[in-house]
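One structure is given here, and the rest of the page talks about it.
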4 protein chains.
Amino acid sequence: MAGISWDDASFISVHGRPIEGVVAKLQRATKVGIFTDEENSPQRLAARLLEFNACDYTAILCENLCGPDERLRRFSLEELSLVTDVSPLNVLILEKKANAEPRPALLDLVPEEDYGKRMPKKGLITKKEVRVLSIAAMALREESVVWDIGAGSGSISVEAGRLASRGEIYAIECDAEGIEFIEDNAKSFGMDQIRAVKGLAPAALEDLPRPNAVFIGGSKGSMSEIVDIAAKELLAGGRLVINAVTLENVAEAHKAMKRLGWPFDMSQISISRGIPLAKKYLRYEALNPIHMFYTEKPLSEDS
Amino acid sequence: MAGISWDDASFISVHGRPIEGVVAKLQRATKVGIFTDEENSPQRLAARLLEFNACDYTAILCENLCGPDERLRRFSLEELSLVTDVSPLNVLILEKKANAEPRPALLDLVPEEDYGKRMPKKGLITKKEVRVLSIAAMALREESVVWDIGAGSGSISVEAGRLASRGEIYAIECDAEGIEFIEDNAKSFGMDQIRAVKGLAPAALEDLPRPNAVFIGGSKGSMSEIVDIAAKELLAGGRLVINAVTLENVAEAHKAMKRLGWPFDMSQISISRGIPLAKKYLRYEALNPIHMFYTEKPLSEDS
Amino acid sequence: MAGISWDDASFISVHGRPIEGVVAKLQRATKVGIFTDEENSPQRLAARLLEFNACDYTAILCENLCGPDERLRRFSLEELSLVTDVSPLNVLILEKKANAEPRPALLDLVPEEDYGKRMPKKGLITKKEVRVLSIAAMALREESVVWDIGAGSGSISVEAGRLASRGEIYAIECDAEGIEFIEDNAKSFGMDQIRAVKGLAPAALEDLPRPNAVFIGGSKGSMSEIVDIAAKELLAGGRLVINAVTLENVAEAHKAMKRLGWPFDMSQISISRGIPLAKKYLRYEALNPIHMFYTEKPLSEDS
Amino acid sequence: MAGISWDDASFISVHGRPIEGVVAKLQRATKVGIFTDEENSPQRLAARLLEFNACDYTAILCENLCGPDERLRRFSLEELSLVTDVSPLNVLILEKKANAEPRPALLDLVPEEDYGKRMPKKGLITKKEVRVLSIAAMALREESVVWDIGAGSGSISVEAGRLASRGEIYAIECDAEGIEFIEDNAKSFGMDQIRAVKGLAPAALEDLPRPNAVFIGGSKGSMSEIVDIAAKELLAGGRLVINAVTLENVAEAHKAMKRLGWPFDMSQISISRGIPLAKKYLRYEALNPIHMFYTEKPLSEDS
């Protein structure tokens, strides 16, 4: 079909489904057939790809396949976003360009500066080593639903999104500027499965779909209430991860974990990096230690 | 086709290709169409899936599609492995059973015991927090080629394999018992893209395909030679990661990194875990610190 | 007098005073004149020195100085302990033997084994680095009065005693075997200013003299009550030091410190030692981290 | 004599001896008799006490004791420094004033700011926890001779001097401003046994008396040569302590220790302090880790 080999191809459908997340799904494939509908049309899809900085595709629009009006047209995404005469019977094929930028790794130690460009309060970005361990504690799958509570600039959400490419990431943040950073980061990294949710937990969590993983990076004094809701809504087998940087938070998180009564783990993470000194030397520079608590909702607890 | 929806489906081909890695590719999908050939026949594929502990599939064998002899048959994998009358014109469709065990997460903090069952020298298994950070430093993609040098029981290979599901993992180990553990682990985790390579680096690296990531967990006194070959063979943009547990190894790894002349990072990783004490308390238990060096081959260095 | 030079000599008196602590005072001097009385006679002093393993002295007993019956006699300590005809008018001069063992350092990183010989539960001896920092946080002077609560085998008391050579060290311990170890250690290190107090704090603290420094190494669930009494009895400018090894204890100690309302410090101490590996290497071995809280009683709080 | 009780008194002599260190010796006593001579006269002694900020004494000058011209006079130190008619036959008695400032503790966790007042480059002051452990590794006695190589602002020298109150501390520093700070600190802490030595080790070590303890805080690229001389000059049973903050220095110090062939210890010291956050919280703040190597010269190596 369409003169392209189906080997290593995959299919996704936005027919009668939300368009959110379609860019992220596309990002991890090289050749995709997409079933569209009138609302989620090829044009809208092209526009969304461009909005999320995912431009390295060639589009082949296949209309009325196997019918007498069968038509195959090649477009750039820019052209496709402006096309007006699309048959409702179509399959859209997207192929990564041969010279496309390589996709980002599924997992990496991403320097703080990569997010810092969009974040004035540099010190507040979770350190790369801690980000990676927190993501690992969430035990994500491609289709995981994640709540990132106290999302800050969205670094945890972005890295969760690399793995949960077919999932949904809710980045809850009460600071208006933070919401902007999260949306900017989501766009620049091509992650349209990330949704910035402005508000304070636990109130802001009320209408969210039940998660496979909850990460609490900040609790603004409501640790206990947040943990209650997170634990209730978490799907069986899902993970709850809490990072604490103050002695007060460590005590609260510990207490909350004990109250749940599920088996839990705690790792205090202390990292020292090698930092160049006077060009010739490498000195040790310590990062502030983090206590990370994590637990898995037992299958027997499914509500 | 075959009465199943193509939404979220994908295709892979083993037609004229090595069969290694096909199980791993299948593992991350729920519905796959497979193009087989006479050697990599549906029967052989079924047998390989069973060998690698990937049993939760229903098979639909579609033969002579669109021809007058078109035939669709449903099989269990056990049945399929024994079928004798398969047309060379076929597509094999595999669907995860509805009640299948959930796939393992792409990334997790896997307890040492999960590998320890197969490894008598418990102390030698890289700790989960260090495994995760080492994997992150490798910056893996789905199709990455990995050299895991000094693979031990294969824990790093297995976790790399969760991410590099379409790649190739070479687990180099000089100890015969280690090779057995690696092969056992590969089978039990359904990772047929892992290949245990018995031998000592650097000699054992000679015939391997060029890697996207090299991890040196042990060097048996040949750090400098191993780094030379690894650096030469590494593809541009690929990563080299070295873990060191002795002061001697830290000094060697540091020297090797300096000699390469590429920008590099070092993180000393110190973890303390919370361990139950007398049922009521959680005490801090420190893990021995690891120095992790990592670097990326500059694009300009591609040989 | 007595044909010896007074340079660098010092004097102490046990006339009408408790004999406890006299050995410790002697230990840090090389030449001492002692004013005795009928109860604390030269013989009793000699016996006490022998009991506390302080044998490297020559004694000169000077009787009826400047009188017509003036008499000077040289003794070994063994001989002196048995003498029967001592005039009540006497000064006893003790001189370290020229070939005496060097006195222990005022401060040292004393290996755990040095106490372990007398302590079966090896794991429970505070690590040398932590001992030293705890002693430092107590800010001891020669004449300090110390409460060592939860004294275990007495290692903290012994090291406090090296500095507080003219002071009093109360080693409170509820375990009978622990009391034995403390008394053994006190004798073998020549520290007769250490007094083992069998009992549980806070009850066991009731009759003790007010301290310049309180160290809480164990609280058996009564942290809050112990801190209350310690804080009340502490002399103005005195120090309170609490070591915690569990998350529960850290939270309690922190809470207690906050409740006092005095400025306080906290240092989490993480040590990794270099341990020989296969004779050729030095590997890092981590000790479990300790949280040390310490505070000074404000002068304004003197009760 | 002189109407004062000799109990707890001690004697020192500056008769025919260097005056350096006399203030430090006095500081740890409350009542001292001093044998002076024409050069080290009572007046000179009084002036030295005032110079080294040790003002809390009352002086009793006893002349021609037991002779017909016996005279006892009380002075303030200021008066005494100006007296002109002193008999060569005298004993000077100094008594701490009843309301004198308490002497500093023998050992304490002294905040960096206490030295920082005199040191612009704050970051360079060894952290208090590291200072204490370094001092402990030196295993000092009252009369120890110490080389403090790379002394910076003299914080290690000052704290060594609290213990080695009858010893000699050589603070070697190549920076002129550093020398000033050292001298200022020595004066303000009343430690006239500290001698600032301007120069670079190993050259600057040549004429120094053999030490009981050598501390290397900085080596300016000459680690190996410094260790050679230090090891040679060290008295048997003496200690060598090296602190390293860069990976390069760790490797050098380790190599130097191995080359000596004496048993040695290494402790990597990682401290996290509790720092107030927004008045209500205490957050963890990590200090950069230090590798401390230390060894004792075997008795058999005495040269």
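Chain letters run A, B, ... following the sequence lines, proteins first and then strands; every chain starts at 1.
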Discussion item. Taking side chain as everything from C-beta outward and backbone as N, CA, C, O, which of these in C:Leu287 sits under 4.5 Å from a heavy atom of chain B? Side chain, backbone, both or neither.
Written reply: backbone
Worksheet item: Does the side chain of B:Ile269 reach to within under 4.5 Å of the side chain of B:Met292, using non-hydrogen atoms?
Response: yes
Worksheet item: Can you tell if the side chain of B:Arg273 reaches within under 4.5 Å of the side chain of B:Lys127, non-hydrogen atoms only?
Response: yes
Discussion item. Please rank B:Asn288, B:Val245, B:Ile275, B:Leu277 by heavy-atom pairs under 4.5 Å with chain C and give me the top one.
Written reply: B:Asn288
Discussion item. Sub-4.5 Å heavy-atom contacts with chain C: which residues of residues 219-229 of chain B show up?
Written reply: none
Fill in: Test salt bridge (Lys or Arg N to Asp or Glu O under 4.0 Å) applied to C:Arg210 and C:Glu168, step by step
CA-CA 10 Å; C:Arg210 294 185 62 187; C:Glu168 301 166 32; over 6 Å; no
Worksheet item: Is any side-chain heavy atom of B:Lys297 closer than 4.5 Å to a side-chain heavy atom of B:Leu235?
Response: no
Discussion item. Using a 3.5 Å distance criterion without hydrogens, assess whether the side chain of B:Ser165 forms a donor-acceptor pair with backbone atoms of B:Arg162.
Written reply: no
Discussion item. Regarding B:Tyr115 and B:Glu159, do their side chains bring together a donor and an acceptor under 3.5 Å, going by distance alone?
Written reply: yes
Discussion item. Taking C:Gly161's backbone N and O only, do any of them form a donor-acceptor pair with C:Gln193's side chain (distance below 3.5 Å, no angle check)?
Written reply: yes
Fill in: Note, C:Glu285 side chain near C:Ser272 side chain (heavy atom, < 4.5 Å)
no
Fill in: No-hydrogen, no-angle side-chain donor-acceptor test under 3.5 Å, C:Asn243 and C:Ser134
yes
Worksheet entry | Residues of residues 247-261 of chain C with any heavy atom under 4.5 Å of a heavy atom in chain B | C:Leu247, C:Glu248, C:Val250
Worksheet item: Distance from B:Ile135 atom CD1 to B:Asp148 atom CG, nearest 0.5 Å?
Response: 8.0 Å
